[in-house]
Amino acid sequence: MTTIAGVPAGWPTTEEEARAVQDALRARVVLDETGPKPGTGHVTGVDVAYDDERDLVAAAAVVLDAATLRVVAESTAVGRIAFPYVPGLLAFRELPAVCAALDALDRPPGLVVCDGYGLAHPRRFGLASHLGVLTGLPTIGVAKNPFTFSCTDPAPTRGSSTPLRAGTDEVGRALRTRDGVKPVFVSVGHRVSLDNACAHVLALTPSYRLPETTRRADALCRRALREATAAGRPAD
DNA sequence: GCGACAG
DNA sequence: ATCTTGTCGC
């Protein structure tokens, strides 16, 4: 079943407000924990799909057994779009629906894998870090594009990586998850080290470029959006 | 000022 | 993110 995601009271309306929230919350990010051990416990993927025409958003959370990568639980949530897409402010668009989907799970999510960035962000507070602070859960970000960051190309074999830097700080890593295929871009969200985040991503990519968590959540939120769009309309 | 820019 | 068919290759 799909729950309804409302926009929280006080959710930012303007870009200025949203940036102020990021500046206020980023101090709460915890960076001195290693995080759960890869291959143990549960790992949850979250993703969101949009229908801008109908002002609809659908989020999905899919819990996998970290050892077997089998799905053990899932949930979806639909609602109104909470914020426009603005580079650097993606969290304000995605998080209300994502939080509603996580709340609807029948068990703890364990480590949460987000689409996008955590610390690798203009104000060091991308959606993975933001979700971690709001929920207290360990989170990481896995992005498909380098955003504003640049890096050298990792060696062509699976497992190789190069740093993603902002100045001299390593804010993330370009990580090759398949031989000869474009890397993914991993960054820390909350309560997980960068080394451990990369280890998790490798454990979650036995066959494809993207983590199984992301692939499952992507498929599920698209389905939830289709079904929400089809509902309440005359059959034809 | 102009372009680039996670999803 | 989303609009969109077939096609080349393992």
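Labels below follow one simple rule: chain letters A, B, ... track the order of the sequence lines, proteins then strands, and each chain is numbered from 1.
Not counting sequence neighbours, A:R165 has no partner by the salt bridge (Lys or Arg N to Asp or Glu O under 4.0 Å) test. Residues satisfying the ring-ring contact (aromatic ring centres under 6.0 Å, His included) criterion with A:F185, sequence neighbours excluded, are absent altogether.
Counting heavy atoms of neighbouring residues, nucleotides and ligands inside a 6.0 Å radius, atom CD of A:E53 does not exceed 12 of them. Crowding of A:R70 atom CZ: a count of heavy atoms from other residues, nucleotides or ligands under 6.0 Å not exceeding 12. Enclosure of atom CZ in A:R28 is not indicated, since only 12 or fewer non-hydrogen atoms of other residues, nucleotides or ligands lie within 6.0 angstrom. Enclosure of atom NZ in A:K182 by more than 12 non-hydrogen atoms of other residues, nucleotides or ligands within 6.0 angstrom is indicated.
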Output field dot_bracket for DNA chain B (Watson-Crick or G-U, both distances under 3.5 Å, | for other-strand pairs) contains .......
Applying the Watson-Crick and G-U criteria (both distances under 3.5 angstrom) with [ ] for crossing and | for other-strand pairs, one obtains for DNA chain C ..........
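Going from atom CG of A:L56 over to atom C1' of C:dT2 covers 15 Å, rounded to whole Å. Taking atom CZ of residue A:F83 and atom C1' of nucleotide C:dA1, one finds them 16 Å apart after rounding to whole Å. Note: CD1 (A:I81) to P (C:dA1) measures 14 Å, nearest angstrom.
Residues A:V184 and A:V201 meet the side-chain proximity criterion, which asks for heavy atoms closer than 4.5 Å. The closest side-chain heavy-atom distance from A:V46 to A:V113 is not below 4.5 Å.
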Letter by letter from the 5' end, nucleotides 2-7 of chain B scores (B base, S sugar-phosphate only, - none; protein heavy atoms under 4.0 Å) ---BBB
Contact string for nucleotides 3-10 of chain C, one letter per nucleotide 5' to 3', B = base within protein heavy-atom range under 4.0 Å, S = sugar-phosphate only, - = neither, reads --------
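For the pair A:R93 and A:Y50, the distance from NZ or CZ to the six-membered ring centre is under 6.0 Å and the angle to the ring normal is within 45 degrees.
A salt bridge links A:D169 with A:R124: the closest approach of a Lys/Arg side-chain nitrogen to an acidic carboxylate oxygen falls below 4.0 angstrom.
If you check the side chains of A:T177 and A:T205, you find no donor sitting under 3.5 Å from an acceptor.
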